[in-house]
Amino acid sequence: MFRTKRSGLVRRLWRSRAPVEGDGEADRGTHGSGSCCMGKTTKVAKSNAGSEAELKALTHSILKKIKEKQLEVLLQAVESKGGARSPCLLLPSKVDAKVGQHSYSLPMLLYKVFRWPDLRHSSELKRLSCCESYGKINPELVCCNPHHMSRLCELESPPPPYSRYPMDYLKPPDSPDSGPSSSDTGETTYSAPVGLSDSLALQESGERAHWCVVAYWEEKTRVGRLYSVQEPSLDIFYDLPQGNGFCLGQLCSDNKSQLVQMVRAKIGYGIQLTREPDGVWVYNRSCYPIFIKSATLDNPDSRTLLVHKVFPGFSIKAFDYDKAGTLQRPNDHEFTQQPRTGFTVQISFVKGWGQCYTRQFISSCPCWLEVIFNTR
């Protein structure tokens with residue numbers, strides 16, 4: 001039987017749909033569904049044969065109305081799981097589709113089919129800044145590229161105690177114990193000023209001012225120099241098919257630990273760090289959870305910090321500018337005397353730390369990042 005190219009693209013897209021629980025892949029922690037942030041997960045029951053057939057027929061019907069070039073864009077994004085750079089997929093936003101008793105807009109249907117089967121409402125989503133539809137309200141054509149979206153990581157209140165730490169990491173960088181104290185990192189001996197001086201040298205040489213610097217650590221050892229960030233968005237990855245940024249795979253590491261090597265290989269697409277008007281967002285592009293500790297993710301009056309778990313495909317506002325300005329910081333007089341002082345966010349790949357884990361300190365985590373913000 002003669003088959004058109006369009007039909008072939010549609011079949012390939014359907015085979016690449018996001019798995020639901022019971023399909024065999026849903027429990028692998030890849031790019032499927034999941035919930036966030038504090039250990040809470042939302043499972044999707046495997047749909048029955050009737051609803052599956054209805055969804056398949058509806059999806060095929062909609063996809064066959066899309067131009068071939070657009071289908072190729074969608075297929076590129078879906079098959080690469082967002083690893084390849086794909087343009088926006090601009091489609092009418094007011095087309096509705098009905099599955100059973102539920103009615104979905106065209107973008108929502110594509111997001112459910114190809115990213116998050118448990119997605120219920122558009123309020124759970126955040127558009128990535130690379131998208132043409134970013135910041136636009138109710139356009140006639142909206143980007144339906146599933147990998148131009150992320151799930152919002154909403155913090156629970158009150159949050160369960162993943163782990164708590166005193167806010168001693170906010171000490172002035174020129175103080176003798178400027179790095180995280182032994183209560184936070186065990187026997188780690190590093191300091192923020194060393195890294196900041198690397199970055200400040202760039203400014204003195206006439207380069208554009210950075211808004212943050214990033215350090216990569218393997219357990220208690222920093223690997224490579226600090227990465228100074230001037231662009232509004234930065235990809236931090238180990239292996240990314242297309243893209244540029246901070247490639248951890250190109251750094252020379254002497255660590256022979258099997259655990260470090262295993263976790264390093266799992267970093268994959270890594271994370272995307274984006275400076276936006278309301279703060280700095282972290283998007284987990286990898287296949288595994290990441291763990292984040294930031295002062296602005298907690299109550300501004302709190303003297304303790306939580307470690308937050310962020311699942312694949314989710315975004316979290318790791319640093320909030322407004323909250324940072326209202327934080328009650330210890331030794332305020334010392335802070336006023338230290339214009340270079342910045343806030344730090346710590347991010348661990350794959351492995352968590354704190355009271356719920358065998359690793360009590362982030363320096364025990366195999367692969368982790370320290371993001372130091374320039375607040376001047």
Just checking, is any N or O donor in the side chain of Ser228 or Gln230 under 3.5 Å from an acceptor N or O on the other one?
-> yes
Electrostatic pair Glu132:Arg127 at N-O distance under 4.0 angstrom | no
With Phe291, which of Tyr357, Trp368, Phe311 fulfils ring pair (Phe, Tyr, Trp, His ring centres under 6.0 Å)?
-> Tyr357
Calculate, to the nearest 0.5 Å, the distance between atoms CG and CD1 belonging to Leu369 and Ile271 respectively.
-> 5.0 Å
Which word best sums up how the rings of Phe373 and Trp211 line up, parallel for under 30°, tilted for 30 to 60°, or perpendicular for over 60°?
-> parallel
About how many Å separate CZ of Arg275 and OG of Ser129, when rounded to the nearest 0.5 Å?
-> 12.5 Å
Answer yes or no: are there more than 12 heavy-atom neighbours, outside Asp254 itself, under 6.0 Å from its atom CG?
-> no
Which of parallel (below 30°), tilted (30 to 60°) and perpendicular (above 60°) describes Phe343 and Phe319?
-> tilted
Asp320: partners by side chain to side chain donor-acceptor pair (under 3.5 Å), with sequence neighbours left out | Lys317
Between Phe246 and Tyr227, is the ring centre distance below 6.0 Å?
-> yes
Leu240 CG to Leu248 CG distance, which is reported to the nearest 0.5 Å = 11.0 Å
Just jot down the side chain to side chain donor-acceptor pair (under 3.5 Å) partners of Arg12, sequence neighbours excluded, or say none.
-> Glu79
Using only heavy-atom distances, determine whether the side chains of Asn284 and Ser315 contain a donor-acceptor pair under 3.5 Å.
-> no
Any donor-acceptor N or O pair under 3.5 Å, side chains Ser253, Asn255 = no
Starting from the C-alpha separation in whole Å, work towards a yes-or-no answer on salt bridge (Lys or Arg N to Asp or Glu O under 4.0 Å) for Arg359 and Glu219.
-> CA-CA 11 Å; Arg359 298 168 186 82; Glu219 297 175 327; over 6 Å; no
Rounded to the nearest 0.5 Å, what separation is found between the SG atom of Cys367 and the CD1 atom of Ile267?
-> 4.5 Å
Measure the shortest side-chain to side-chain distance between Leu91 and Val142 over non-hydrogen atoms and say whether it is less than 4.5 angstrom.
-> no
Co-members of the apolar cluster containing Tyr134 [side chain, <4.5 Å] = none
Could you tell me whether Asp118 and Lys112 have a side-chain N and a carboxylate O separated by less than 4.0 Å?
-> no
